[in-house]
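Structure record follows, encoded as structure tokens.
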Amino acid sequence: MIFFWFFYYLVLIFICYSLSKIINNKFLKFFLIPIIFGMFGSFWFIEPGGNEIAPIISILLLESSILESNGFNRLMRPIISFTFLLELISLIYYFYTKKTFKNG
């Protein structure tokens, strides 16, 4: 299981890094990369009360394809929170570096 998470995040970091090299606008880099990392990098419990965790995006695909649903709200709260936290950190870093390089 550790190998899966290591490989999953390694591929996700590679995709985000490749995307950052493609995007030329610095603000878009700091805005889009945390959203992509938040959408695909957040994880949650597979079923309520269970011990196994999985990426939320895969659980959302599973929830939309089965008849018995455990609810999308239990998945949307952590994915939005994780994405918002990454976005906030990224934008603080962006404005900090912008201000630092402007004064220096």
Side-chain angles (χ1 to χ4, degrees):
M1 192 63 157
I2 293 175
F3 180 72
F4 166 75
W5 286 108
F6 177 76
F7 185 70
Y8 183 78
Y9 277 102
L10 189 68
V11 169
L12 183 60
I13 289 169
F14 176 73
I15 290 170
C16 289
Y17 176 77
S18 300
L19 189 61
S20 73
K21 291 299 178 184
I22 292 173
I23 298 173
N24 292 328
N25 190 338
K26 189 174 181 180
F27 181 75
L28 282 178
K29 283 183 189 180
F30 280 95
F31 184 71
L32 290 178
I33 300 300
I35 291 175
I36 292 170
F37 197 81
M39 293 287 290
F40 291 100
S42 55
F43 53 90
W44 199 244
F45 298 100
I46 294 175
E47 58 188 27
N51 292 330
E52 299 89 20
I53 58 174
I56 291 180
I57 199 78
S58 65
I59 301 172
L60 282 173
L61 292 173
L62 180 66
E63 289 283 329
S64 66
S65 65
I66 60 175
L67 296 176
E68 181 182 325
S69 178
N70 290 321
F72 287 104
N73 289 339
R74 73 176 188 95
L75 300 171
M76 294 312 291
R77 284 186 300 245
I79 200 168
I80 289 171
S81 300
F82 191 67
T83 305
F84 179 73
L85 180 67
L86 288 174
E87 192 67 42
L88 186 65
I89 292 169
S90 177
L91 289 176
I92 288 171
Y93 181 74
Y94 170 75
F95 288 121
Y96 176 76
T97 57
K98 186 176 177 182
K99 183 179 178 182
T100 302
F101 290 128
K102 190 175 184 180
N103 290 337

Practice item. Look up atom CG in Leu91 and atom CG in Leu86, then write down how far apart they are to the nearest 0.5 Å. Key: 11.0 Å

Exercise for review: Could you give me the CA-CA distance, side-chain angles and deciding distance for Phe37 and Ile13, then say whether side-chain contact (heavy atoms from CB on, under 4.5 Å) is met?
Suggested key: CA-CA 8 Å; Phe37 197 81; Ile13 289 169; 4.0 Å; yes

Exercise for review: Verify the cluster assignment for Ile53 and Phe82: are they in a single hydrophobic cluster under the rule of side-chain heavy atoms below 4.5 Å apart?
Suggested key: yes

Exercise for review: Spell out, as yes or no, whether a donor-acceptor pair under 3.5 Å connects the side chain of Ser20 to the backbone of Lys29.
Suggested key: no

Study note, to complete from the structure: Interatomic distance, CG@Leu62 vs CG@Leu75, rounded to 0.5 Å, equals 9.5 Å

Point to revise | Spacing of CD1 belonging to Ile57 relative to CG belonging to Leu61, to within rounding of 0.5 Å | key: 6.0 Å

Practice item. Check Ser58 against Pro55 and note the closest heavy-atom contact, atom names and distance. Key: OG-O, 2.7 Å

Practice item. Mind jotting down which residue pairs meet the ring pair (Phe, Tyr, Trp, His ring centres under 6.0 Å) criterion with at least one end in residues 40-60? Sequence neighbours excluded, please. Key: Trp5-Phe43

Point to revise | Interatomic spacing from CD1 in Ile23 to CG in Leu28 - rounded to 0.5 Å | key: 6.0 Å

Exercise for review: Could you tell me which non-hydrogen atom of Cys16 sits nearest to which non-hydrogen atom of Ile33, and how far apart they are?
Suggested key: O-CD1, 3.5 Å

Revision key, fill the gap. Separation between OG1 (Thr83) and CG (Leu88), nearest 0.5 Å, reads 12.5 Å

Exercise for review: Describe, in one word, how the ring planes of Tyr94 and Phe30 are oriented to each other, choosing from parallel (under 30°), tilted (30 to 60°) and perpendicular (over 60°).
Suggested key: tilted

Point to revise | Hydrophobic cluster identity match, Phe4 and Leu10, side-chain contacts under 4.5 Å | key: no

Practice item. For Ile59 and Ile46, work out which heavy atoms get closest and say how close. Key: CD1-CA, 3.9 Å

Exercise for review: Determine the minimum heavy-atom distance between Thr97 and Lys26, stating which atoms define it.
Suggested key: OG1-NZ, 4.3 Å

Check your understanding: Does anything in residues 71-92 pair up under salt bridge (Lys or Arg N to Asp or Glu O under 4.0 Å), and if so which pairs, sequence neighbours excluded?
Key -> Glu63-Arg74

Check your understanding: Would the number of heavy atoms belonging to other residues, nucleotides or ligands and lying under 6.0 Å from CZ of Phe72 be above 12?
Key -> yes

Practice item. Calculate, to the nearest 0.5 Å, the distance between atoms CG and CD1 belonging to Leu85 and Ile80 respectively. Key: 13.5 Å

Point to revise | More than 12 heavy atoms from other groups under 6.0 Å of CG on Asn25 | key: yes

Review point. How about Tyr8: does its OH atom have over 12 heavy atoms from other parts shown lying under 6.0 Å from it?
Key: yes

Practice item. Could you tell me whether Phe6 atom CZ has more than 12 heavy atoms of other residues or ligands within 6.0 Å of it? Key: no

Point to revise | Ile35-Leu19 co-clustered via ILVMFWY side chain contacts under 4.5 Å | key: yes

